[in-house]
Amino acid sequence: MPAAVVLFAYGTIVHVVQLAMGGYPEMPGWLAAYFVSLTFLDALAVVLLLCRPAAGLVLGCFIMVTDAAANFYANYVVDNSPGLTAGRVGQAVITLLAVALVTLTPRTRQALRR
């Protein structure tokens, strides 16, 4: 669980920095709004993981799965650069983290009930 807290705290910082650097002007409005919302959702996940871990895990799964999908769209549809880019590597990492969190959450929630 501490790893999930660090993950979402890092996500909060990344989105705050991105906003401070001008936001997401190259993204469609709906996608930019989603990325901005992650600033608050990631922070909420941290608070929930610390105070209500089971709820934090559920929110965390939602965030990671939708973040992986949003980054896929941003890096393969919006960005039509050929080949490997930093964004595509980041999207792959986010997808792996999403799979790990979704895979581990049922067992972790069960352990929290004990």
Side-chain angles (χ1 to χ4, degrees):
M1 189 99 68
V5 171
V6 170
L7 173 71
F8 291 108
Y10 174 76
T12 302
I13 293 166
V14 166
H15 292 289
V16 167
V17 168
Q18 187 67 38
L19 286 173
M21 294 175 59
Y24 307 91
E26 68 283 355
M27 295 295 145
W30 64 269
L31 190 54
Y34 172 76
F35 286 135
V36 169
S37 77
L38 287 178
T39 307
F40 306 103
L41 290 173
D42 284 348
L44 178 59
V46 169
V47 171
L48 286 175
L49 284 165
L50 294 172
C51 299
R52 306 270 314 204
L57 286 170
V58 171
L59 177 60
C61 287
F62 170 79
I63 291 168
M64 292 304 297
V65 169
T66 58
D67 195 10
N71 274 282
F72 177 87
Y73 189 88
N75 286 288
Y76 289 94
V77 177
V78 176
D79 179 3
N80 56 11
S81 302
L84 191 63
T85 64
R88 290 176 182 159
V89 171
Q91 189 274 332
V93 170
I94 291 168
T95 299
L96 291 173
L97 290 170
V99 168
L101 187 61
V102 168
T103 301
L104 295 173
T105 289
R107 186 173 297 169
T108 304
R109 286 190 72 202
Q110 200 170 47
L112 289 170
R113 289 189 195 121
R114 293 184 207 148

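No experiment lies behind these values; they were computed from the predicted model shown.
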Which pairs with one or both residues in residues 23-32 pass side chain to side chain donor-acceptor pair (under 3.5 Å), sequence neighbours excluded? H15-Y24

Short question: side chain of D67, backbone of I63 - any donor-acceptor pair under 3.5 Å? no

Check whether any side-chain heavy atom of V102 sits under 4.5 Å from a side-chain heavy atom of M64, and report yes or no. no

Assigning hydrophobic clusters by single linkage (Ile, Leu, Val, Met, Phe, Trp, Tyr; side-chain heavy-atom cutoff under 4.5 Å), is F62 placed with Y73? yes

Under a 4.5 Å side-chain heavy-atom rule over Ile, Leu, Val, Met, Phe, Trp and Tyr, are L112 and L49 clustered together? yes

CG on L101 to CG on L96, rounded to 0.5 Å: 12.5 Å

If every non-hydrogen atom of V78 is compared with every non-hydrogen atom of P28, which pair is closest and at what distance? CG2-CD, 3.8 Å

Where is the tightest heavy-atom contact between V16 and T39, given as atom of each residue plus distance? CG2-CG2, 3.6 Å

Nearest 0.5 angstrom please: L38 CG to Y34 OH, how far? 4.0 Å

Within residues 100-110 or reaching into it, pairs that qualify as side chain to side chain donor-acceptor pair (under 3.5 Å) - sequence neighbours excluded: none

Same apolar cluster: L7 and L50, side chain cutoff 4.5 Å: yes

Carefully, step by step, assess F35 and N71 under the rule side-chain contact (heavy atoms from CB on, under 4.5 Å). CA-CA 9 Å; F35 286 135; N71 274 282; 3.8 Å; yes

Out of curiosity, does Y10 fall in the hydrophobic cluster containing V99 (side-chain heavy atoms, cut-off under 4.5 Å, transitive links)? no

Test item: V14 and D42 side chains (from C-beta on) under 4.5 Å apart, heavy atoms: no

Locate the shortest heavy-atom distance separating T12 from A43; write the atom from each residue and the value. OG1-N, 3.1 Å

Find the distance between CG (N80) and CG (N75) and round it off to the nearest 0.5 Å. 11.5 Å

Could you tell me which residues satisfy ring pair (Phe, Tyr, Trp, His ring centres under 6.0 Å) with F72, sequence neighbours excluded, listed by chain and number? Y76

Is there a path of hydrophobic side-chain contacts, each under 4.5 Å between heavy atoms of I/L/V/M/F/W/Y residues, joining M21 to F40? no

